[in-house]
Amino acid sequence: MTGGDISFYGALALGALYGAGFCYREKGVAGLVVKTTSTALLALWAYLAGGPLLLVAALGLSSLGDLFLALKGEAWLKPGMAAFFLAHVAYVALFWSLGAEERTLLVLAAQIVLVLAGAAFIRWLVPWLGEMRNPVIIYAGVILMMGAAALNLQPALWPVTLGALMFIASDVILSLQLFTKPADAPAGMLSSLAVWFLYFGGQVLIAWGLLAVLA
C-alpha cells in the first residue's frame with residue numbers, strides 16, 4: 001500500500017468518524033483534530049498522487065478553514081470563511097482551466113439557475129446577517145462562481161461537478177445553522193450530519209474525480 005493509499009483511506013476513516021461521533025456534538029479538541037486531519041489527508045493524498053497544485057491548495061486551505069471553524073467562539077468565523085474563500089478561488093481557477101471548449105445551452109441554463117437561486121437565497125438571508133453581511137455576500141459570490149465553473153466541466157469530470165454542488169448544498173445548510181438560529185441554540189443532529197457528509201463527500205468526489213482523469 002502506497003503513501004497515497006494510506007492518506008486516502010485514512011481521510012475516509014477519519015471523515016466517517018467525525019460524522020459518526022463529533023459533528024453534532026459541542027466543539028472540543030478531539031473533534032477538532034479528527035475533522036482537520038481528515039481534510040488535511042485529502043490534500044496529502046492529492047499531492048502524493050500527483051494531482052494539480054491548485055487542487056492540493058484548495059484542499060489544504062479547506063483544512064485550514066475546518067480548523068478555524070472547529071474552534072470555539074464567533075471570532076474564528078471570519079478567518080474560517082477567508083480560508084474557504086481562497087480555497088474556492090483555487091477551485092474556480094482549476095475548473096475554469098478544465099472547462100468544456102463549447103458551453104451547451106443546457107449548461108448555460110443550469111449556470112443561470114444556480115446563480116439566480118444563490119442570489120435569491122442570499123437576499124433572503126440578509127436580514128439575519130448583521131455585521132457578517134458583506135463577508136457572506138463576497139463568499140457567496142465566489143462559491144457560486146465555483147459551482148458555475150464546475151457545471152461546465154468535461155463530461156468525464158462529472159464526479160467533480162457533483163462534488164461541487166454538494167459543497168454548495170452543505171454551505172446553504174450551514175448558513176441556516178449559523179445565522180437563522182439563536183446563538184445559544186444547539187445545531188440539530190440531522191442538519192449537522194448533512195452539513196458534514198455533503199461537505200466531506202463533496203471534497204472526496206472533487207479530488208477523486210480530478211485525480212482519476214489528471215493524475
Side-chain angles (χ1 to χ4, degrees), residues 11 14-43 57-92 117-147 163-203 206:
L14 290 178
L17 175 61
Y18 183 76
F22 294 99
C23 73
Y24 49 85
R25 299 182 187 275
E26 185 178 352
K27 294 178 180 180
V29 175
L32 181 152
V33 172
V34 172
K35 179 182 185 182
T36 306
T37 305
S38 67
T39 46
L41 285 175
L42 287 180
L59 292 169
L61 287 163
S62 296
S63 181
L64 181 61
D66 285 335
L67 171 63
F68 288 137
L69 294 182
L71 294 170
K72 291 183 179 181
E74 294 184 4
W76 297 105
L77 180 56
K78 287 183 180 179
M81 288 181 64
F84 277 112
F85 176 89
L86 293 175
H88 289 309
V89 169
Y91 275 141
V92 168
F121 175 75
I122 294 301
R123 177 66 185 86
W124 173 81
L125 193 63
V126 161
W128 283 284
L129 297 180
E131 66 175 14
M132 292 297 295
R133 180 178 182 271
N134 289 336
V136 169
I137 290 174
I138 293 170
Y139 177 83
V142 76
I143 196 173
L144 289 174
M145 287 178 61
M146 184 273 291
L165 295 177
M166 289 169 63
F167 202 150
I168 294 173
S170 172
D171 272 354
V172 168
I173 301 171
L174 180 60
S175 67
L176 294 174
Q177 283 186 343
L178 290 174
F179 301 117
T180 66
K181 284 188 170 186
D184 56 348
M189 181 176 180
L190 290 179
S191 61
S192 295
L193 287 169
V195 167
W196 175 250
F197 284 111
L198 283 170
Y199 161 70
F200 186 74
Q203 292 276 44
I206 290 171

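The NZ atom of Lys35 sits 8.0 Å away from atom OG1 of Thr39, with the distance rounded to the nearest 0.5 Å. For the atom pair CD1 of Ile122 and CG of Leu144, the computed distance is 7.5 Å after rounding to the nearest 0.5 Å. Taking CZ of Phe197 as the reference point, atom OG of Ser192 lies at 11.0 Å (rounded to 0.5 Å).
What you find for Ala11 and Phe200 is that their closest heavy atoms are O-CZ, 3.1 Å. Smallest separation of non-hydrogen atoms from Gly60 and Ala43: N-CB, 3.7 Å. Shortest non-hydrogen contact noted between Leu198 and Ser170 is CB-CB, 3.8 Å.
Residue pairs satisfying the salt bridge (charged side-chain N to carboxylate O under 4.0 Å, His left out) criterion with at least one member in residues 58-73, sequence neighbours excluded, are listed as follows: Glu26-Lys72. Every pair tested for side-chain hydrogen bond (donor to acceptor under 3.5 Å, both in side chains) that includes a residue from residues 118-127 fails, sequence neighbours excluded, so the list is empty.
For Leu32, the side chain to side chain contact (heavy atoms under 4.5 Å, CB included) partners at least two apart in sequence or on another chain are Thr36, Leu67, Ala70, Leu71. Here Phe179 pairs with nothing under the ring-ring contact (aromatic ring centres under 6.0 Å, His included) rule; sequence neighbours left out. In this structure Tyr199 satisfies the ring-ring contact (aromatic ring centres under 6.0 Å, His included) test together with Phe84, Phe167, Trp196, sequence neighbours excluded. Partners of Leu14 by side chain to side chain contact (heavy atoms under 4.5 Å, CB included), not counting sequence neighbours, listed by chain and number: Leu17, Val34, Thr37, Ser38, Leu41. In this structure Ala90 satisfies the side chain to side chain contact (heavy atoms under 4.5 Å, CB included) test together with Leu54, Ala58, sequence neighbours excluded. Ser191 is linked by a side-chain hydrogen bond (donor to acceptor under 3.5 Å, both in side chains) to Gln177, counting only residues two or more places apart in sequence or in another chain. Listed by chain and number, the residues in a ring-ring contact (aromatic ring centres under 6.0 Å, His included) with Tyr24 amount to none (sequence neighbours excluded).
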Table please: side-chain donor-acceptor pairs of residues 126-141 below 3.5 Å, with sequence neighbours left out.
from   : atom 1 : to     : atom 2 : distance (Å)
Tyr139 : OH     : His88  : NE2    : 3.0
Tyr139 : OH     : Asp171 : OD2    : 2.4

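In this structure, Met146 and Val142 have side chains that are not in contact, with every pair of non-hydrogen atoms separated by 4.5 Å or more. Side-chain contact between Phe22 and Val33: absent, with no pair of heavy atoms (C-beta onward) separated by less than 4.5 Å.
A side-chain donor from one of Ser62 and Gln203 sits under 3.5 Å from a side-chain acceptor of the other.
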